[in-house]
K.L.:
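Below is a structure I'd like to ask you about.
Lettering of chains follows the sequences in order, A, B, ..., and the numbering in each one begins at 1.
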Amino acid sequence: MASLPSVAVTRTLKLDPEFRKHPTGSPAAEKSQSISYQKNQTLPHLDGSSKLRSLDFREALLMIKEGPEKVQSSCYVPLLQECIDRNSVLDAQIVHGHIMKTGTQEDLFTMTLLINVYAKCGAMENALKVFDNMTKRNVVSWTTLMTGYVHNLQPALAIQVFQEMLETGAYPTNYTLGTALNACSLLQSVRLGRQFHAYIIKYEIDFDTSVGNALCSLYSKLGNLESAIKSFERIREKNVISWTAAISASGDNGEATRGLRFFSEMLANDIKPNEFTLTSVLSLCCTTLSLGVGSQIHSMSIKLGYESYIPIANSIMYLYLKCGWVSEAHKLFDGMETVSLVTWNAMIAGHAQMMEIVGNDLSACKSGYEALSIFVKLNRSGMKPDLFTFSSILTVCSRLVALEQGEQIHAQTIKTGFLVDVVVGTALINMYNKCGSIEKASKAFVEMDTRTMISWTSMITGFSQHGWSQQALQLFEDMRLAGVRPNQITFVGVLSACSQAGMFNEALSYFELMQKEYKIKPVMDHFACLIDMFVRLGRLNEAFDFIKKMDLEPSEFIWSLLIAGCRSHGNSELAFYAADQLLKLKPKHTETYVLLLNMYLSAGRWQDVSRLRKVMRDEKLGKLHDWSWISIKDKVYSFKPNDKSHFHSADIYESLENLLDRAKSLGYESLETLEITDEDGEKTPSSTAYHSEKLAIAFGLLNTPNAVPIRVIKSVFMCRDCHNFVKLVSLLTAREIIIRDSKRLHKFVNGRCSCGDYGGLI
DNA sequence: CTAGGGTTAG
């Protein structure tokens, strides 16, 4: 342990006056005495204590309550430890009473322990009373009191205690400073942290392991990764905790890969990871989706004996789910002997994450319903869901477009009081938005007590996706008036609102505002909004000019927007140029190739067709799976194009034919196209008449009461033809139809779609 | 002194 030089420190460390005065006034000044204090120290085994130790806790308490006899002070240690484990203030008070009766209150060590017990049980008033009544104190008692305030999230009081300790002339140890640094990170105070750091440097103890560890973690929590790493590097003898601090600092500050490098460096230095290290590394694997490293950690944790350590098991499960290895995650979950609420939450959140990553396909749908059933099991298990559970499960509902379940969960969040949590509230808004219930979303938004930037952004995006451009822009202005700083994503919402409404000048001025006033660098999504706007307006050459002027390399998505625009506004020369550019990017999505194939097919460019087929084979891209699903009364029904497998297939087709006829009377004509339907690239004539969403809608209309909105999820993006058709169906049947395809949300009402005939429609 | 689960995107 590095000891501090005996220098009066009061004047070298000027603390902010803003911290409240210690409530009980200044404690008696007393010189500290040196006592070594270690958590796991073995205590002398004395007569009185061995008797107590052999007894059950309750019996021991009883004995202590009744027996006035004097016992060795060390016999209180296991009893007090037990009080912490049971988190029981009442038991602690019983032991406390005995201590007072037997005169043990003179014992510094026991009284300090008692402070710690009260502090850990959340009874700081009691801890403070003990401290104030102590006849002597040393730096450990001061430090313990500080630690108590930090533990109970009262960092300002911890600093106050520190200051008073200095006034008494006591010298802080490295533990004291470590605790003070923790208080600084809770206070999020860079200024105070720097003052402590200066002090630490002055007394040359920044190389000390525990001080260095605390500094590293402080800077990390203040968002200053470089200083955190520097503090770490200055540590002379780095222990597991030092390495773990560096690893998690990297992860917490968005440099997961760097964290993984620290981990391998640590192993190269022959430092054995502990359970904390492994959980930190696993969370890095979660952000980098490193399944390989993750499964290595899995075997390492088994080898090191952490197999049943719940946080590790939770992280591994979560990682496997995020990486799509569902069966292994479930195997782990089923094999766990004890689970915590976090385990349930990790399962639910993991399924939600997996849905996000795989997109709108069958496995995502299955995952979503699996998450809902896990949620039901959790409720039955007797454990109570918390705010993490609710925000994840609401996200699941939004990705499933499952309004009924979402509404039930909304009710549960009200009943349990978790709706007041801003993240839960935001997830709720998002759920209503994604389910096409913009009115309920905005009601929930208005009723929120507090809103974060994300809440505003969600609502702005929701308005924009529903085609309510004016409301989106108005809300953006309200947000600015409320002094909330928008981010990148907020501007995606704002720009797409402008683009929908064809508000050309507004779009450009918001684009400028974003860069000039908010110093936000435009990313691909912002350009995509603007290109979409040009395309919608049919100003293809301007779209192309804009693409050329971007200082980013245009993405797949940008080129496919332009191609879509060219197809609908008839500019084949530009379309083929864009197609060439798109192909140079080696697109990874089958959808993109199908778009291009159809383009070449309809132009009769057979050479390009076979060239594309070869690329698709080389890239090992599969077939395009167009399917739609609809959920009715807790059951999910899925449809492929031309699907005749459904039990009521005849009824569905009859009803669809009827709709097609009625639509034709309004001028609709379904397209006959050639599509690549098998791996050899056979050209098969095909009609858009029986695309999957049409079947799902026909089924939905047959099986739900009038006026109930129809909600469909589609695995690939809608074609223009189906889009036209569904607009007419919404008019003919007076039903709201909500379709979420792989690109965006479409809400059809009275012959119009919320996307305002999005420019990316093919 | 170090750790596991949550919200926004074309």
K.L.:
Which ones in residues 520-532 of chain A lie close to DNA chain B, meaning a heavy atom under 4.0 Å from one of its atoms?
P.N.:
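A:D525, A:C529 - these, ordered by number, are the residues of the stretch whose heavy atoms sit under 4.0 Å from the strand.
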K.L.:
Report the C-alpha distance between A:S499 and A:S496 in whole Å, list the side-chain angles of each, state the deciding distance to 0.1 Å, and finish with yes or no for side-chain hydrogen bond (donor to acceptor under 3.5 Å, both in side chains).
P.N.:
CA-CA 5 Å; A:S499 138; A:S496 83; over 6 Å; no
K.L.:
Do A:T389 and B:dG5 share a donor-acceptor pair, side chain to base, under 3.5 Å?
P.N.:
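Such a pair does not exist between side chain and base.
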K.L.:
Would you say the base of B:dG6 and the side-chain of A:N345 have a donor-acceptor pair closer than 3.5 Å?
P.N.:
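By the distance-only test, no, there is no pair.
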K.L.:
Measure from the side-chain heavy atoms of A:P311 and tell me the nearest of B:dA3, B:dT8, B:dA9.
P.N.:
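When the side chain of A:P311 is considered, B:dA3 is the closest of B:dA3, B:dT8, B:dA9.
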K.L.:
Suppose we call two aromatic rings close when their centres sit under 6.0 Å apart. Are A:F527 and A:F511 close by that rule?
P.N.:
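Centroid separation for A:F527 and A:F511: below 6.0 Å.
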K.L.:
Considering residues, nucleotides and ligands other than A:R234, do more than 12 of their heavy atoms fall under 6.0 Å from its CZ?
P.N.:
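Open: at most 12 neighbouring heavy atoms sit under 6.0 Å from CZ of A:R234.
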K.L.:
What pairs with A:T389 under side chain to side chain donor-acceptor pair (under 3.5 Å), at least two apart in sequence or on another chain?
P.N.:
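A:N345, A:D386.
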K.L.:
When you measure from the side chain of A:S398 to the backbone of A:T395, do you find a donor-acceptor pair of N or O atoms at a distance under 3.5 Å?
P.N.:
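The answer is yes, because a donor-acceptor pair under 3.5 Å joins these two groups.
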K.L.:
For A:S742 and A:F717, indicate whether the former's side chain and the latter's backbone hold a donor-acceptor pair under 3.5 Å.
P.N.:
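Present.
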K.L.:
Under 3.5 Å, side chain of A:R451 to main-chain N/O of A:V446, donor-acceptor pair present?
P.N.:
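Yes, because the side chain of A:R451 sits within donor-acceptor range (under 3.5 Å) of the backbone of A:V446.
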K.L.:
For A:T452 and A:S455, what are the C-alpha separation, side-chain angles and deciding distance, and is it a side-chain hydrogen bond (donor to acceptor under 3.5 Å, both in side chains)?
P.N.:
CA-CA 5 Å; A:T452 62; A:S455 325; 3.1 Å; yes
K.L.:
Taking only the side-chain nitrogens and oxygens of A:N213, find out if one of them lies under 4.0 Å from OP1 or OP2 of B:dT2.
P.N.:
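Checking A:N213 against B:dT2: no side-chain N or O falls below 4.0 Å of OP1 or OP2.
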K.L.:
For A:F276 and B:dA3, is the gap between ring centres under 5.5 Å while the planes differ by less than 30°?
P.N.:
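A stacking contact does not exist, since A:F276 is not both close and nearly parallel to the base ring of B:dA3.
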K.L.:
When you measure from every atom of DNA chain B, which of residues 392-402 of chain A have a heavy atom less than 4.0 Å away?
P.N.:
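By residue number: A:S392, A:T395.
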K.L.:
Let's see if you can work this out: which of B:dA3, B:dT7, B:dC1 has an atom nearest to the side-chain heavy atoms of A:T147?
P.N.:
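Nucleotide nearest to A:T147's side chain: B:dC1.
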K.L.:
Do the side chain of A:Y306 and the base of B:dA3 come within less than 3.5 angstrom through a donor-acceptor pair of N or O atoms?
P.N.:
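A donor-acceptor contact between them is absent.
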